[in-house]
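For reference, the structure discussed in these notes is given below.
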Amino acid sequence: MENANVDRSHRSGYAALIGKPNVGKSTLINALLGQKISIVTRKPQTTRHRVLGILSEDEFQLILLDTPGIIQPKYGLQRAMMRSVTGAAQEADVLVFIIDATRQKIDFRTLDLIAGKPTILAVNKSDLVSQDQMLPLAQSYSEEAEFEEVIPISALKGKNLDRLIAAIVDRLPQGPPLYPKDVVSEHPERFFVAEIIREKIFEQFRQEIPYSCQVNVVSFEERKQEKTLIHADIVIERDSQKGILIGKKGAALKQIGIRARIDIEEFLGEPIFLNLFVKVRADWRNKEAFLKSYGYDGR
Ligand SMILES: Nc1nc2c(ncn2[C@@H]2O[C@H](COP(=O)(O)OP(=O)(O)OP(=O)(O)O)[C@@H](O)[C@H]2O)c(=O)[nH]1
Ligand SMILES: [Mg+2]
């Protein structure tokens, strides 16, 4: 029997945020949720997994999927990252294709992913350019693919986000919520802790280390009388990287620890002890067994 209380106008479903690296996908998911769940840095290829965030209102539940930036994969880790993009695109009811208003170079290959799904073109970083600069870019994309709407936004300044949400929700199927309404994500705390540490490594080092590192939280011990104790491994690919990561008398690693702890404490809402260990796993980014055990299963 049907429940008379079921709200037939309620909508729920998935929207995947996709686009090239660094266009602002993670900044956008955080802005839409009003809460930081996905790490953001100035470097491309920051996001490596599909990161799920849930926006619930009385009339709808919008499940947002942040994804890694679309690239031509060159090694195992990048291939797994691209599998998580295609997986999210397949899972989604609606796609939000994000482009960077400041980059005039068009990469139509990225459009292959959006075929056959209702897609909204979000022109991000609109705070950095004039309307006149944005139009030709949006137009060239619109000539190559079919977009339901084209919306200039600024994820950083919060511009036009209500309009974007409304455009997505309009295209979600009707149905009851898929998650409890007070849940914001589905990842375990360990995931966020590892991501925060990785964010600090991305910020502190230049080219090589960020892309060669993996962070694994190996233990998370909540204790009665004392602070929660967290052990994390930072895995890198070569011995030479170990010295750089640790720094003179351990100074670099100490900095990562201090910066990460501050953010982790804010995230968890409690003081913690954070212990970081550096490990070398030769060429882990190309080894299926390591990739699997580090959670790169294409999701
Ligand atoms: N000015 C401006 N900067 C932005 C905006 N959105 C994002 N950024 C900046 O762009 C950079 C990349 O942002 P991310 O959110 O990490 O980009 P991403 O698309 O998730 O990148 P990947 O995870 O590497 O694919 C950061 O320095 C952001 O602060 C925006 O609307 N305006
Ligand atoms: Mg990202």
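Atoms considered below: every heavy atom in the structure, side chains included; atoms not considered: hydrogens, waters and symmetry mates. Read the numbers this way: they start at 1 and go in the same order the structure lists the ligands and their atoms.
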Review point. Can you list the steps and then say if Lys227 with Glu270 is a salt bridge (charged side-chain N to carboxylate O under 4.0 Å, His left out)?
Key: CA-CA 8 Å; Lys227 294 179 188 176; Glu270 58 168 323; over 6 Å; no

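To the nearest 0.5 angstrom, Leu172 atom CG is 10.0 Å from His10 atom NE2.
Using a cutoff of 4.0 Å between basic side-chain nitrogens and carboxylate oxygens, Glu288 and Arg79 are not scored as salt-bridged. With respect to Lys181 and Glu57, no salt bridge is recorded, no charged nitrogen being found less than 4.0 Å from a carboxylate O.
For a distance bound of 2.8 Å, the N, O or S atoms of Thr47 include one lying that close to the Mg ion (ligand 2). At least one N, O or S atom of Ser26 sits under 2.8 Å from the Mg ion (ligand 2).
A chain of hydrophobic side-chain contacts below 4.5 Å, direct or via other Ile, Leu, Val, Met, Phe, Trp or Tyr residues, connects Leu33 to Phe60.
For Glu59, the CD atom sits in a packed shell: over 12 heavy atoms of surrounding residues, nucleotides or ligands are nearer than 6.0 Å.
Ordered by chain and residue number, the residues placing a heavy atom less than 4.0 Å from ligand 1 are Pro21, Asn22, Val23, Gly24, Lys25, Ser26, Thr27, Val40, Thr41, Arg42, Lys43, Pro44, Gln45, Thr46, Thr47, Gly69, Asn124, Lys125, Asp127, Leu128, Ser154, Ala155, Leu156.
The cationic atom of Arg285 (NZ for Lys, CZ for Arg) lies less than 6.0 Å from the six-membered ring centre of Tyr75 and within 45° of the ring axis.
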